[in-house]
Amino acid sequence: MASMLRVFLILLWATNLVQRNAPRAAGVQVFPPVNFTLTVSALAQVLLHWKPNPNQEQKNYTIRYDVKILSPVPEEYDTKTTRSIRTAALHNGFSAHIRTLLLHNDLQMTSDWVKEKILPPPGAPETSVTNLSCVTRITISHTVSLHCTWLPGQGAPEDTKYFLFYRYEMYTEECQDYIKDKWNRNTECRFSVTHIDPEEIDSLIVIHINGSSKYAAIKPFQQLFNQNTIEKVNVPRNVTVLLEQNDLLATWEKPISPFGKECFEYEFYLFNLKSGNKQILQIFSNDFRLRIDVTSRYSIQIRANHHICCRRGFWSDWSEIIYVGQNKLENPATWILAMLCVRQKKQFFHIPPLLFFCRNHVWSKLFPPIPTPRNKFRDPFPNDYERARTCTSETETEFGSFAEDPYCSPLDDSVF
């Protein structure tokens, strides 16, 4: 019951408000704007222009205009001026509505909508480019380069020639440096220098690609890019890595860019060459300290991206590999031979002599026998007798002794 009473009171208040304002609006008619036009003023740019209705009463009233963009990207806003500029890809056309908005105190009245549109440009289906992708880079001289790639449309004839234009603010330029596919069609474009301002944030780059063919009308294609999101960030500079007791210390300078060092984040790639462990650490400064295993050797790389100053772009390439530390083993040669024997054991288990050699040789290396006292007396037996003896444990303890003495070798070379 209480809720129904609350609703009744709200309706009564609204009715009284309308009745109070009705006398003010009595006899006032709201007329739509006149001479509404849409004009393509630049690549992917539309000028919306209209005039106030001459029959519209303006005394003691505020006049504004509601603008509704229907396509390609829906948008609504109001303005007190009689013109508006919008940037949008136009290869599928453009349409908009506009109406007069009359304001007086708390009262708001509107006219009917006026509609206008721009038709899509002509062209055969599936002849426009696809998979358009663009990347910018800031050069050492603080200019901006531009590189775009695309694929020909599935319905484009083999003789199709594509032509790329870019627009940045009021500058428009056609590509002069193309890379072609096997049918001699342009599929890449490079600008080593452009009019793009490297210090701007969130400015738009318009890419327009049209084409020609003897066999079909090629449909144009347009795409808008945020200049920061397609920037390939440069590699961090002057990377320095050193060891301080059990800590790894790394420092570097920000990439070539007009933005300050606080505008970047980094990924620090650490690879333990001894254990095979990998780490990628996220860092928001230009230096880093990490406790590591000093008995291991590491490889280190760093890359950068935008952080808080503008939208994130493409990660930079990894910096050159830096090695630090040294693997420490008691006897590296022994461990290599041990791993070799294990490998041979897995792959050549059908060769008993090789396994016998690996087992005895590694065992003797790990646990060498106590040497016997040297014989100071001259051996009365001839050298031929020495050749006739079997190999003793003393000859086995010498690394490679079997290969040096053909009479003592337990395996033929063909086994390896």
Hey, is C148 close enough to C189 that the SGs sit under 2.5 Å? no
Just verifying a value: how many Å separate [X] [atom1] and [Y] [atom2], rounded to the nearest 0.5 Å?
| X | Y | atom1 | atom2 | result |
| --- | --- | --- | --- | --- |
| N305 | Q282 | CG | CD | 10.0 Å |
| F36 | I98 | CZ | CD1 | 5.0 Å |
| N226 | L204 | CG | CG | 6.5 Å |
| L38 | K115 | CG | NZ | 13.5 Å |
| I218 | T160 | CD1 | OG1 | 3.5 Å |
| N286 | T251 | CG | OG1 | 9.0 Å |

Mind checking whether [X] and [Y] have side chains closer than 4.5 Å, heavy atoms only?
| X | Y | value |
| --- | --- | --- |
| D181 | P152 | yes |
| I209 | N186 | no |
| I300 | F288 | no |
| L132 | F225 | yes |
| R99 | P32 | no |
| E76 | D66 | no |
| L248 | V241 | yes |
| I308 | E265 | no |

Can you say whether the rings of [X] and [Y] are parallel (under 30°), tilted (30 to 60°) or perpendicular (over 60°)?
| X | Y | answer |
| --- | --- | --- |
| H97 | W113 | tilted |
| H307 | F284 | tilted |
| H104 | Y61 | tilted |
| Y171 | H195 | parallel |
| F264 | H306 | tilted |

Looking only at side chains, do E200 and Y168 share a donor and an acceptor under 3.5 Å apart?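 The answer is no; no qualifying pair exists.
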When you compare the side chains of D159 and S213, does any donor N or O come within less than 3.5 Å of an acceptor on the partner? yes
Quick check: closest heavy atoms across [X] and [Y], and the distance to 0.1 Å?
| X | Y | answer |
| --- | --- | --- |
| C134 | I230 | O-CB, 3.4 Å |
| A217 | T127 | O-OG1, 3.5 Å |
| N234 | A304 | O-CB, 4.2 Å |
| P72 | F94 | CD-CD1, 3.6 Å |

Is atom [atom1] of [X] surrounded by more than 12 heavy atoms (other residues, nucleotides or ligands) closer than 6.0 Å?
| X | atom1 | value |
| --- | --- | --- |
| K180 | NZ | yes |
| R83 | CZ | no |
| Y77 | OH | yes |
| K161 | NZ | no |

Chi angles and distances behind the side-chain contact (heavy atoms from CB on, under 4.5 Å) call for T87, R167: CA-CA 11 Å; T87 300; R167 180 177 71 83; 3.8 Å; yes
Exam field: side chain N228 to backbone D202, donor-acceptor pair closer than 3.5 Å: yes
Can you check side chain to side chain donor-acceptor pair (under 3.5 Å) on Y65 and S84, steps first, answer last? CA-CA 11 Å; Y65 300 95; S84 178; over 6 Å; no
Take S133 and T149 through the side chain to side chain donor-acceptor pair (under 3.5 Å) test and state the conclusion after the steps. CA-CA 5 Å; S133 175; T149 63; 4.7 Å; no
Can L90 and V46 be said to form a side-chain contact (heavy atoms from CB on, under 4.5 Å), step by step? CA-CA 9 Å; L90 302 178; V46 177; 3.6 Å; yes
Sole candidate of Q29, R64, Q56 that passes side-chain contact (heavy atoms from CB on, under 4.5 Å) when paired with L102: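 Among the candidates, only Q56 passes.
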Trace of the side-chain contact (heavy atoms from CB on, under 4.5 Å) decision for T139 with R137: CA-CA 6 Å; T139 66; R137 286 180 180 268; 5.6 Å; no
Sub-6.0 Å ring centroid separation between F221 and W150: no
So T79 and T81, side chain to side chain donor-acceptor pair (under 3.5 Å) or not? Walk me through it. CA-CA 6 Å; T79 177; T81 65; 3.0 Å; yes
Begin from the C-alpha positions of R289 and D247 and carry the test salt bridge (Lys or Arg N to Asp or Glu O under 4.0 Å) through to its verdict. CA-CA 6 Å; R289 176 186 289 264; D247 289 348; 3.0 Å; yes
Evaluate the side-chain contact (heavy atoms from CB on, under 4.5 Å) criterion for residues L48 and I69: first the C-alpha distance (whole Å), next the side-chain angles of each, then the deciding distance (0.1 Å), finally the verdict. CA-CA 10 Å; L48 296 82; I69 309 298; 3.9 Å; yes
